[in-house]
Amino acid sequence: MTEPADAAARRSVPPVICYPVDTLPQPDMGLYQSLLEGMTKTDEILVPPRDAKCFQVPAGHVFRITSVEGPQVGDLNLWNALDLSERFFSGKTRALHGTHVTTGDRLWSSLPSLRPMATVIEDTLAWYGIDRYGGSVHDVIGTRCDPYTHALLSQGGQYHYCCHSNLTRALASFKNISLSEAEPHIHDVLNVFMCTGFTRDTGQYFMKASPVRPGDHLDIFAEIDLLGALSACPGGDCGSEHSSDTVTCHPLLVEIFAPLPENLANWQPPDPSAYDRSHGA
Ligand SMILES: [Zn+2]
């Protein structure tokens with residue numbers, strides 16, 4: 001194929017940000033920072049390696065995901081605790097905030113609600129930035145490791161502890177429903193602590209060993225009543241491979257905290273989208 005004569009000129013057109021965020025309501029980070037002072041821990045859940053656990057976070061509470069024992073990546077699903085059809089929308093979160101999230105970014109819910117179901121209020125890996133490979137931490141570009149893609153790429157190989165399966169088992173157990181009832185609720189994740197990007201030459205999704213170390217944590221504020229599920233990925237730090245029992249894996253700790261009521265006095269829970277849903281009909 002030959003390039004058109006003006007190929008260079010066409011390539012040199014500068015990009016335009018799809019979703020300029022100047023009109024996006026900005027979180028009051030002063031308010032969110034104040035919540036971290038004087039919180040009371042109300043619950044904790046240890047997620048075993050190559051497994052997942054569900055946890056509940058009332059609106060106005062904070063949940064903290066902490067690396068314990070060794071570098072480990074977590075795959076996070078979030079639902080409206082009162083309506084599982086409203087769930088984390090990784091694609092729109094990516095469109096609004098970019099490929100990776102950190103302090104001050106929102107975790108948006110699916111249509112038609114499209115509201116900030118949670119807000120990242122502290123990230124001890126925020127120093128990482130974007131490395132020379134284009135990699136960064138806490139991505140919303142991956143999906144979740146799953147046994148179907150594994151079977152596709154390994155000529156029918158069967159592996160049962162991918163994050164997709166771990167999340168499915170955890171939700172089925174928590175809601176006391178069957179695996180087949182639980183599975184459709186599993187959705188694209190926030191890849192907590194995972195370091196990923198796209199190669200500059202081929203545009204392929206890559207991962208590299210997570211910079212997370214024990215004690216590092218991500219604090220997330222629940223804007224609505226949340227049901228969460230977190231899988232400790234079989235990829236461990238995701239520095240080599242996933243979808244196998246090959247690499248060393250570690251648990252992840254989830255802690256739930258209740259802020260001091262006076263620190264929440266100026267917080268308002270988010271309304272669902274203002275769109276009237278008439279769709280032009
Ligand atoms: Zn995984």
Side-chain angles (χ1 to χ4, degrees), residues 45-55 63 65-79 87-91 93-94 99-101 107 125 128 135-154 156-174 179 182-198 204-214 216-218 220 227-254:
I45 300 95
L46 191 66
V47 181
R50 297 188 174 83
D51 201 359
K53 293 283 185 195
C54 284
F55 55 92
F63 67 101
I65 301 173
T66 302
S67 166
V68 289
E69 297 183 19
Q72 174 65 43
V73 162
D75 284 48
L76 178 70
N77 268 189
L78 291 175
W79 298 268
R87 61 195 198 179
F88 174 53
F89 189 174
S90 77
T93 299
R94 174 170 68 241
T99 52
H100 300 75
V101 297
L107 305 181
L125 291 174
Y128 191 86
S136 192
V137 187
H138 314 306
D139 81 69
V140 283
I141 51 178
T143 52
R144 67 273 188 187
C145 59
D146 76 85
Y148 304 96
T149 307
H150 175 69
L152 174 72
L153 298 176
S154 65
Q158 305 291 304
Y159 182 69
H160 306 300
Y161 304 99
C162 284
C163 291
H164 176 84
S165 297
N166 298 343
L167 293 167
T168 300
R169 289 196 314 279
L171 184 64
S173 168
F174 187 84
L179 291 170
E183 187 173 14
H185 293 295
I186 305 306
H187 50 277
D188 287 350
V189 299
L190 167 60
N191 274 312
V192 179
F193 304 140
M194 192 168 181
C195 189
T196 61
F198 293 106
Q204 286 174 292
Y205 182 49
F206 72 76
M207 60 183 190
K208 53 181 285 191
S210 172
V212 70
R213 296 294 179 268
D216 278 321
H217 54 91
L218 191 66
I220 301 176
L227 172 63
L230 182 69
S231 170
C233 183
D237 72 357
C238 288
S240 55
E241 63 177 271
H242 52 77
S243 305
S244 77
D245 283 342
T246 306
V247 305
T248 304
C249 288
H250 301 282
L252 288 169
L253 178 64
V254 180

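Read the numbers this way: they start at 1 and go in the same order the structure lists the ligands and their atoms. Scope of the values below: all heavy atoms of this structure, side chains included, with no hydrogens, waters or symmetry mates.
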Does OH in Tyr161 sit with more than 12 non-hydrogen atoms of other residues, nucleotides or ligands closer than 6.0 Å?
no
The Zn ion (ligand 1) to Cys163: any N/O/S contact under 2.8 Å?
yes
Out of Pro234, Pro251, Cys162, Cys163, which residue meets the side chain to side chain contact (heavy atoms under 4.5 Å, CB included) rule with Arg50?
Pro234
With respect to the Zn ion (ligand 1), please indicate if Cys145 possesses an N, O or S atom at a distance under 2.8 Å.
yes
Counting backbone and side-chain atoms alike, does Cys233 have an N/O/S atom under 2.8 Å from the Zn ion (ligand 1)?
yes
Quick check against the 3.5 Å criterion: does His100 have a side-chain atom that pairs as donor or acceptor with the backbone of Gly135?
no
Taking the inter-plane angle between the rings of His150 and Tyr159 on a 0 to 90° scale, is it parallel (under 30°), tilted (30 to 60°) or perpendicular (over 60°)?
perpendicular
